[in-house]
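Heads up, the thing below is written out as structure tokens.
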Amino acid sequence: MAATKQAQSLINDSYRTILIQLKSNTFNSLFRIQQTHGHIIKTGHSNDTHLITNLLSLYSKHLRISDATQVLYSITDPDILSFSTLISSCSTSKHFDEALLHFRQMLKHGILPDNVVTPSALKACAGLLGLKIGRQIHGLAKVCGFESDSFVQSSLVDMYVKCGEVKDARMLFDRMGHRNVVCWSILVAGYARQGYVDEAKVLFNEMRDSGVEPNLITWNGLIAGFNYNGLASESVALLHKMHLEGFKPDGTSVSSVLPMIGQLEELKVGIQVHSYVIKQGLGLDKWVVTALIDMYGKCGCASEMLKVFKEMAQMDVGSCNALVCGLSRNGRVDDALEMFRQFKNQGLQLDVVSWTSMIASCTQNGKDVEALELFREMQVAGVKPNSVTIPCILPACANIAALMRGKAAHCFSVRRNFFYDVYVGTALIDMYGKCGKLGDARICFDRMPTRNLASWNAIMGGYAMHGKSKEAIEIFELMKKIGQKPNFISFTCILSACSQSGLAEEGWNYFKSMSVDYGIDARIEHYTCMITLLGRSGRIEDAFTLVKTIPYEPDACIWGSLLSFCKVHGNVGLGEIAAKKLFKLEPDNPGNYVLLSNIYAAKGLWKEVNRVRDVMKRMGLRKNPGYSWIELKDKVHTLLAGDRTHPQMLQILERLDKLNMEMVKSGYLPDTALVLKDVEEQDKEHFLCGHSEKLAVGLGLLNTPPGTTLRVIKNLRICGDCHVVIKFISNFERREILVRDTNRFHHFKNGVCSCGDLW
DNA sequence: ATTTGCGTGC
């Protein structure tokens with residue numbers, strides 16, 4: 001018995017020696033730590049608090065927070081030392097919420113905080129802007145009697161000032177007996193960052209007068225604070241002053257100054273700083289490199305950005321991320337994607353930010369499919385999406401109406417507690433609206449704990465897109481009631497809602513109210529809504545009169561709206577005027593030629609139809625191929641007009657044929673004026689096969705149980721004949737069918753469409 | 001084992 005005890009203690013001693021060795025060796029020892037950890041468990045020493053605490057601190061040093069956490073909670077009775085180690089490690093690595101979680105656990109274990117763990121906990125409060133818990137910890141410090149510890153006091157001042165409680169911070173500071181350089185720095189930087197820049201300057205001088213010399217961090221904090229408030233040139237001036245007074249600015253000084261220079265696109269100042277960097281030999285600092293890349297990217301200097309990147313000493317994730325963003329910002333998404341792939345293949349450890357920015361670049365540049373693929377790849381690579389990734393991926397789901405993928409992202413957000421993030425919520429509203437699930441959009445809206453202007457606009461835009469003007473108006477009025485000020489986008493939503501359902505009076509009232517009550521000048525898109533409002537009610541002459549009053553040069557949207565209403569109401573004369581303008585504004589858009597030719601065709605003006613067709617031929621324009629897609633069981637099926645490659649095409653045509661016969665039986669006559677007179681020969685084939693939206697509906701009918709709602713998306717405006725046919729199908733098959741075209745949603749139900757046959 | 005400064009994503 002005694003012998004085993006002796007052996008045990010011998011083993012214990014040797015472990016202790018190993019751990020001490022590991023502590024002194026900072027390089028490459030992670031593997032050895034894990035190895036030793038394994039041995040300790042295997043030999044049954046996992047309850048030796050000393051050994052375990054040492055392990056914990058080793059893991060913390062390597063920023064292996066999850067390992068450290070596991071170790072801590074494997075001890076039956078962790079002491080304050082181990083908690084302290086873990087909490088400080090969480091705080092310094094910015095895992096603030098975890099730091100506070102462990103702090104609470106520590107209290108639950110019956111351990112009171114001391115003067116050492118308190119600063120770490122306060123740092124976390126400052127990082128999370130958690131004033132309430134910060135005050136509680138302050139209270140604990142008072143009760144436990146270490147409120148006057150200089151570390152605790154500095155941390156308290158920092159916490160209060162970062163949470164915006166400048167007065168409280170100042171009161172504490174004034175009561176402090178000895179003020180060292182750290183607490184002066186905290187106050188100076190804090191004042192500057194909170195926008196009290198002049199007071200910060202005064203404090204800085206007071207500090208020197210009181211005999212405390214500023215250090216590098218003091219200077220840098222002041223510079224960063226100025227920069228944070230958009231005072232780019234002032235912070236560059238501080239950089240100079242610092243240099244003149246014999247403080248050599250370091251990488252941090254420089255990278256504090258650059259972000260705002262980029263944001264203000266002050267290229268000249270940026271170049272000055274860059275040359276200073278080269279002169280001072282600061283170009284090896286990875287933060288400086290990243291900040292320079294970011295600055296050049298924001299100033300539109302892609303080549304200079306690439307040059308800085310190429311001269312970089314060693315690969316760094318941050319710099320690579322900045323480069324990818326810079327490339328996409330300058331319209332070079334394909335280059336960004338290629339670089340991203342290269343980084344990945346080179347084995348660079350891409351992080352959440354890398355993936356998220358690449359995904360964001362794709363969604364912002366119409367590469368929705370690529371974005372979704374990247375999102376999948378990212379998870380395969382073991383990188384967990386965060387609350388920023390979700391609102392970046394959702395627009396891609398919305399654009400291509402990939403409802404299942406959107407829903408999956410929704411579930412993911414709920415599981416990971418991102419759902420209450422205002423950006424996530426707003427993106428979900430938008431996604432559900434664009435996927436035709438207005439009810440779900442509303443549920444998301446109602447469940448949001450906090451909403452911002454974008455959230456209100458998103459739900460209103462959803463209602464507008466579906467032609468639900470009553471609901472859009474309700475939201476708008478609610479918004480006014482609770483004091484949320486609308487902006488120009490809110491008015492675009494409400495006006496388009498009114499115009500979609502022909503609420504002429506309401507529309508005009510909102511249009512007037514916009515400038516009178518809110519001081520918002522009508523933009524071109526607001527005029528477009530009003531033109532549409534008039535056009536829809538058949539008042540095309542009035543619409544033309546309104547166009548003349550627009551204080552800007554009318555754009556293609558205005559003329560395009562007019563032209564399409566000329567088609568709906570068969571107005572050849574005004575149609576020709578609108579078309580003429582459009583041919584000048586966008587000569588390469590085939591849609592306008594097609595519309596004009598359809599106007600002619602409806603009146604049987606074949607000579608004019610041919611003339612337009614000849615112009616198109618001469619210009620080498622072809623009608624944009626129409627395609628539609630439908631999501632069935634998590635898979636998106638794309639159907640091209642005239643394309644017979646879909647494996648179920650024969651069945652689709654058979655089904656549509658049968659429906660066609662039923663239609664004829666019930667007295668339907670195809671409206672040849674709407675269908676046939678497409679401009680090109682090949683469109684005859686389209687006619688034979690049916691338009692893509694019809695094919696998508698057919699595919700949906702074949703592959704879903706009776707009664708299921710179908711959701712179809714089309715890349716062009718829905719065609720008139722399809723509109724008639726789908727109305728019939730909705731009645732005959734007792735199905736709700738939603739078709740989203742480039743303009744809005746059409747809800748087909750019981751043989752009626754929500755657009756009221758005007759679109 | 002504790003306190004101050006920098007960059008990339010909506």
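Quick note: numbers below take in every heavy atom, side chains included, and nothing from hydrogens, waters or symmetry partners. In what follows, every chain begins at residue 1, and chains take the letters A, B, ... in the order their sequences are listed.
Distance CD (A:Q153) to C1' (B:dT4): 15 Å, rounded to an integer number of Å. Atom P of nucleotide B:dG5 and atom CH2 of A:W219 are separated by 18 Å, given to the nearest angstrom. A:K94 has its NZ atom 14 Å from the P atom of B:dT3, to the nearest Å. B:dT3 atom C1' lies 17 Å from atom CZ of A:R179, rounded to whole Å. Between A:N452 atom CG and B:dC10 atom C1' there is a gap of 11 Å when expressed in whole angstrom units. In this structure, A:N215 places its CG atom 15 Å from C1' of B:dC6, rounding to the nearest Å. For A:N365 and B:dC10, the CG to P distance is 12 Å, given to the nearest whole Å.
Looking at heavy-atom distances under 4.0 Å, A:N115 makes contact with a base. Nucleic acid contact class of A:D250 (heavy atoms, under 4.0 Å, all strands): base. The residue A:S357 sits close only to the backbone: its heavy atoms come under 4.0 Å of sugar-phosphate atoms, none of a base. A:I186 comes within contact range of the sugar-phosphate backbone alone, with a heavy-atom separation under 4.0 Å but no base atom that close. Within 4.0 Å of A:D285, counting heavy atoms only, lies no atom of the nucleic acid at all.
Looking at residues two or more places apart in sequence or on another chain, you find a side-chain contact (heavy atoms from CB on, under 4.5 Å) between A:A141 and A:F146, A:V152. Residues passing the side-chain contact (heavy atoms from CB on, under 4.5 Å) test with A:A68 are A:L56, A:Y59, A:S60, A:L86, sequence neighbours excluded. Residues satisfying the salt bridge (charged side-chain N to carboxylate O under 4.0 Å, His left out) test with A:D114, not counting sequence neighbours, are none. For A:D285, the side-chain contact (heavy atoms from CB on, under 4.5 Å) criterion is met by A:W287, A:V288, not counting sequence neighbours. Partners of A:F412 under the side-chain contact (heavy atoms from CB on, under 4.5 Å) rule, at least two apart in sequence or in another chain, are A:Q379, A:P385, A:I390, A:R415, A:R416, A:F418.
Donor-acceptor pairing under 3.5 Å, judged by distance alone, is absent between the side chain of A:S155 and the base of B:dT3. For a distance-only test at 3.5 Å, the side chain of A:S84 qualifies as a donor-acceptor partner of the base of B:dA1.
Checking B:dT4, B:dC6, B:dT2 against every side-chain atom of A:D158, the shortest atom distance belongs to B:dT4. For A:K123, counting side-chain heavy atoms from C-beta on, the closest listed nucleotide (B:dG7, B:dT4, B:dC10) is B:dT4. Of the candidates B:dG5, B:dC6, B:dG9, B:dG5 carries the atom nearest the A:K162 side chain, counting heavy atoms from C-beta on. Listed nucleotides B:dA1, B:dT4, B:dC6 differ in distance to A:S256; the shortest reach to its side chain belongs to B:dC6. With B:dG9, B:dG7, B:dA1 as the candidates, the nucleotide lying closest to the side chain of A:D114 is B:dA1. Of the candidate nucleotides B:dT8, B:dC10, B:dG5, B:dC10 has the atom nearest to the side chain of A:C392. With B:dT2, B:dT8, B:dT4 as the choices, the nucleotide that has an atom nearest any side-chain atom of A:F151 turns out to be B:dT2. Residue A:N386 has its side chain nearest to B:dG9 when only B:dT4, B:dC6, B:dG9 are considered. Which of B:dC10, B:dT3, B:dG7 sits closest to the side chain of A:Q364 comes down to B:dC10. Checking B:dC10, B:dT8, B:dA1 against every side-chain atom of A:A360, the shortest atom distance belongs to B:dC10.
One finds a salt bridge joining A:E373 and A:R376 here, because a Lys/Arg side-chain nitrogen approaches an Asp/Glu carboxylate oxygen to under 4.0 Å.
Contact annotation: A:K286 side-chain N/O to B:dT8 OP1/OP2 distance is not under 4.0 Å. Side-chain nitrogen and oxygen atoms of A:R193 include at least one within less than 4.0 Å of the OP1 or OP2 phosphate oxygen of B:dC6. Remark: A:R329 is in phosphate contact with B:dG9, judged by side-chain N or O atoms under 4.0 Å from OP1 or OP2.
A ring-ring contact (aromatic ring centres under 6.0 Å, His included) check over residues 309-337 of chain A, counting only residues at least two apart or in different chains, returns the pairs A:F309-A:F343. Screening residues 314-330 of chain A for salt bridge (Lys or Arg N to Asp or Glu O under 4.0 Å), with sequence neighbours left out, gives A:K286-A:D316.
Aromatic ring orientation, A:F340 versus A:W355: perpendicular (interplanar angle above 60°, classes split at 30° and 60°). Using cut-offs of 30° and 60° on the angle between ring planes, the pair A:F173 and A:W184 is perpendicular.
With A:E165 as reference, A:R135 is the one residue of A:R170, A:Q194, A:R135 to meet the side chain to side chain donor-acceptor pair (under 3.5 Å) rule.
Residues from residues 292-301 of chain A placing a heavy atom under 4.0 Å of any atom in DNA chain B, listed by number, are A:D294, A:K298. Using a 4.0 Å cut-off on heavy atoms, none of the residues of residues 229-241 of chain A approach DNA chain B.
Side-chain N/O atoms of A:S91 and A:S120 include no donor and acceptor closer than 3.5 Å.
B:dC10 has no stacking from A:Y423 on its base ring, since the centres under 5.5 angstrom apart and planes within 30 degrees of parallel are not both found.
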